[in-house]
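Heads up: the structure comes next, in C-alpha cells.
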Amino acid sequence: MTRSAHPVDQRLPAGQLLTFGLQHVLAMYAGAVAVPLIVGGAMHLSTADIGYLVNADLLVSGVATLLQCLGVWVFGARLPIMQGCTFAAVTPMVMIGTTGGGLPAGYGAIIVSGLMVVLIAPYFAKLTRFFPPVVTGTIILVIGVSLLPVAVGWAAGGTGAPGFGKPLNLAVAFGVLVLVVLVHRFVPGLLGRIAVLVGIVVGTLVAIPLGLADFSHVGGSPLVEVSTPFHFGLPTFEPGAIVAFVIVMLVTMTETSGSVLAVGEIVDRPVDTVTLTRALRADGLSSLLGGVFNTFPYTAFGQNVGLVALTRVRSRYVVATAGGILVLLGLFPVLGEIVASVPMPVLGGAGIVMFGSVAAGGVRMLRTVSFEGGSNLMVVAVALGIGLVPVAAPTVYAQFPGWFQTIMNSGISAGSIAAVLLNLLFNGVRVNTQPSDSK
C-alpha cells in the first residue's frame with residue numbers, strides 16, 4: 001500500500017491484524033451465538049442440533065464479514081463492518097419453526113427474503129438522501145444507547161443466569177471497565193489501542209480463581225465439524241413465512257443502513273448510494289447463504305461499530321481478519337468453546353465502553369447540526385424517545401400484531417423510521433449530492 005492509501009485500505013502487519021481482529025471477535029461473540037442458542041432452546045432442539053446451529057452461524061458470520069469488508073463484484077461495502085445474526089429474526093423463526101411449517105419453511109423464507117434484499121438494494125440505498133446529519137446522528141445515538149442494556153445484562157452475569165446481579169459479577173465488570181479506561185489513557189502504542197482486548201484477557205484470568213470462568217468443558221466437541229447445506233431438510237416456501245421474513249429483512253436493511261452510515265462517519269469515508277447498495281446486497285447474499293446452511297439473516301453488528309470508534313483502527317483488513325477467525329471458530333468447535341468461556345461480567349465491562357463509544361459518536365455528529373429554531377431539537381428528542389421505548393419496556397408491544405412487533409421491538413428501526421419522518425416533517429428533503437449509480 002502507498003502512503004496515500006486511505007486508513008480504511010491500509011494493510012497492517014500480520015501481528016496487528018490478528019490482535020485487533022481477535023479483539024473484534026471477542027467483542028461480538030456473545031451476541032453472535034445468542035440467536036441460535038435462543039432459537040434452538042425455544043424449539044427444544046437436541047444439544048447436537050443446537051451445536052450445529054452455533055457452528056453454522058459462526059461460519060456464515062465469518063463469510064459474511066469477509067464479503068462485507070473485502071467486497072466481491074457488486075457485493076460488500078469495503079468498510080470495517082462485522083456481520084452477525086439479527087435479533088429481529090428470533091420471534092418469527094420460533095413461530096414458524098413451531099407452528100408455521102417447521103424449520104424448512106423458516107429457511108425457505110430466509111432464502112427468498114435474502115434474494116429480495118439483493119434485488120431491491122439499489123432502490124433502498126437511494127433513501128440516503130433522507131439521512132442528513134440530524135437523522136444519522138440520532139440513529140447512531142439510538143444504536144449506542146439501545147446496546148447499553150445488553151452490556152449491563154452481561155455485567156450482571158447474563159440475563160436469566162442464576163447469579164444475575166451478584167456483587168462479585170458487577171465488581172469484575174467494573175474492574176474490567178476501569179482497566180480498559182486506564183490502558184486506553186496511559187499506555188501508548190499498540191497496547192493502548194487494544195485496551196478492550198487487554199481488559200478481556202486480564203479480566204478472564206482474574207475471574208478463574210473467583211469461580212466465574214470455567215474451561216473444564218473445553219474439548220468436549222469434535223475437533224472439526226463442517227456445516228452442510230440443508231441440514232434440517234430441503235426448504236419449503238410458505239407464503240406466510242415469506243411475508244414474515246420480508247418484514248424482518250426490511251427492518252434489517254434499516255439497521256444495516258444506520259450502522260454503515262455510522263462506520264462511514266467514524267472512518268472518515270462518507271457513504272454514498274453505491275457503497276450502501278453494496279452493503280445491503282452483501283446482507284442479502286449472506287442471509288441467502290444463511291438459509292442454505294440453516295442459520296439466520298445477517299446484519300451489520302453495532303457492537304463493533306463502537307470498537308472501531310474506540311480504537312481508531314480503521315483498516316477493513318482488521319475486521320476481515322476477524323471474519324477469518326469466525327470461519328475457523330465455525331470449522332473447529334473447540335476454538336469456539338474457548339472463546340465462549342470468557343465470563344459474561346468481563347464482556348459486560350468492556351461492552352459498556354464500546355457501546356458508550358457508539359452513542360458518543362452520535363453526539364459528535366449532532367454537534368454539526370444547528371438547533372436554532374427548535375426543529376432539529378424536536379427531531380432528535382422524539383426519535384430518541386421512540387427508539388428507546390422497547391429498551392425501557394421490552395414487552396410494551398406484546399399486544400400488537402406480529403409484523404408491528406418485528407418493526408417496533410427494534411429500537412434501532414423504530415428510532416430510524418421516526419427520525420426520517422420527523423426530519424421530513426420539519427425540514428423537508430435535502431438535496432441529494434451523492435452519486436446515484438448503484439452498480
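Values below: all heavy atoms of this structure, side chains included; hydrogens, waters and symmetry mates excluded.
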Checklist line | Spatial distance of atom CZ (R281) from atom CG (L119) [nearest 0.5 Å] | finding: 9.0 Å
Notebook entry, point to check: Parallel, tilted or perpendicular for F232 and Y107, by the 30°/60° rule?
Noted result: parallel
Check: Do L347 and V176 have side-chain heavy atoms sitting under 4.5 Å apart?
Finding: no
Next item on the list: Could you check M82 against L307 for side-chain contact (heavy atoms from CB on, under 4.5 Å), going step by step and ending with a plain yes or no?
Entry: CA-CA 11 Å; M82 288 289 290; L307 193 54; over 6 Å; no
Notebook entry, point to check: How about L12 and V313: do any of their side-chain heavy atoms sit closer than 4.5 Å?
Noted result: yes
Next item on the list: Identify the two heavy atoms, one from V327 and one from L59, that lie closest to each other, and give their separation to 0.1 Å.
Entry: CG1-CD1, 3.7 Å
Check: Heavy atoms, side chains only, cut-off 4.5 Å: are I242 and F237 in contact?
Finding: yes
Notebook entry, point to check: Roughly how far, to the nearest 0.5 Å, is OG1 of T273 from CZ of R278?
Noted result: 10.0 Å
Next item on the list: Would you give the length of the straight line joining atom NE2 of H231 to atom CG of L53, rounded to the nearest 0.5 angstrom?
Entry: 7.5 Å
Check: Looking at V196 and A350, what are the two nearest heavy atoms and their distance?
Finding: CG1-CB, 3.9 Å
Checklist line | Check: R364 and I266 side chains under 4.5 Å, non-hydrogen atoms | finding: yes
Next item on the list: Kindly give the heavy-atom pair with the smallest separation between N55 and L329, and that separation in Å.
Entry: OD1-O, 4.4 Å
Notebook entry, point to check: Got a donor-acceptor contact below 3.5 angstrom from the N169 side chain to the G163 backbone?
Noted result: yes
Checklist line | A282 backbone acceptor or donor facing Y298 side chain under 3.5 Å | finding: no
Checklist line | Side chains of D283 and S286, donor plus acceptor under 3.5 Å | finding: no
Note to self: Which heavy atom of H24 sits nearest to which heavy atom of V319, and what is that distance?
What the structure shows: NE2-CG2, 3.9 Å
Notebook entry, point to check: Heavy atoms, side chains only, cut-off 4.5 Å: are S257 and L280 in contact?
Noted result: yes
Next item on the list: For side-chain contact (heavy atoms from CB on, under 4.5 Å), just list the numbers for R314 and D268, CA-CA rounded to whole Å, side-chain angles, deciding distance to a tenth of an Å, and then say yes or no.
Entry: CA-CA 9 Å; R314 295 182 275 178; D268 194 27; 3.7 Å; yes
Checklist line | Set of ring pair (Phe, Tyr, Trp, His ring centres under 6.0 Å) partners for F426, sequence neighbours left out | finding: none
Checklist line | Spacing of OG belonging to S287 relative to CD1 belonging to I110, to within rounding of 0.5 Å | finding: 8.0 Å
Check: Do P80 and V267 touch side chain to side chain, with heavy atoms closer than 4.5 Å?
Finding: yes
Next item on the list: May I ask you to decide if V380's main-chain N or O and T138's side chain share a donor-acceptor pair within less than 3.5 Å?
Entry: no
Next item on the list: List the steps, then state whether side-chain contact (heavy atoms from CB on, under 4.5 Å) holds for V382 with L421.
Entry: CA-CA 11 Å; V382 177; L421 294 179; over 6 Å; no
Next item on the list: Compare all side-chain heavy atoms of Y317 with those of L17 and state whether any distance is below 4.5 angstrom.
Entry: yes
Next item on the list: Could you walk me through whether L103 and N294 pass side-chain contact (heavy atoms from CB on, under 4.5 Å), step by step?
Entry: CA-CA 8 Å; L103 285 174; N294 296 148; over 6 Å; no
Next item on the list: Answer whether the closest heavy-atom distance between the side chains of L425 and M378 falls below 4.5 Å.
Entry: no
Margin query: Using a 3.5 Å distance criterion without hydrogens, assess whether the side chain of T252 forms a donor-acceptor pair with backbone atoms of V248.
Written below: yes
Using distance only, find each side-chain donor-acceptor pair of residues 64-78 under 3.5 Å and give its atom names and separation, not counting sequence neighbours.
| from | atom 1 | to | atom 2 | distance (Å) |
| --- | --- | --- | --- | --- |
| T65 | OG1 | S61 | O | 2.8 |
| T65 | OG1 | Q83 | N | 3.1 |
| Q68 | OE1 | A77 | N | 2.8 |
| Q68 | NE2 | Q83 | OE1 | 3.3 |
| Q68 | NE2 | A279 | O | 3.3 |
| R78 | NH1 | G76 | O | 3.0 |
| R78 | NH2 | W73 | O | 3.2 |

Next item on the list: Grab the two heavy atoms, one from T204 and one from P343, that are nearest each other, plus how far apart they are.
Entry: OG1-CD, 3.8 Å
Next item on the list: Calculate, to the nearest 0.5 Å, the distance between atoms OG1 and CE belonging to T256 and M249 respectively.
Entry: 7.5 Å
Checklist line | Reported CG-to-CG distance for the pair D9 and L79, which is rounded to 0.5 angstrom | finding: 9.0 Å
Notebook entry, point to check: Minimum heavy-atom separation for G351 to A151, with atom names?
Noted result: C-CB, 3.6 Å
Next item on the list: Using the test side chain to side chain contact (heavy atoms under 4.5 Å, CB included), find all partners of L384 that sit at least two apart in sequence or belong to another chain.
Entry: L141, V142, L388
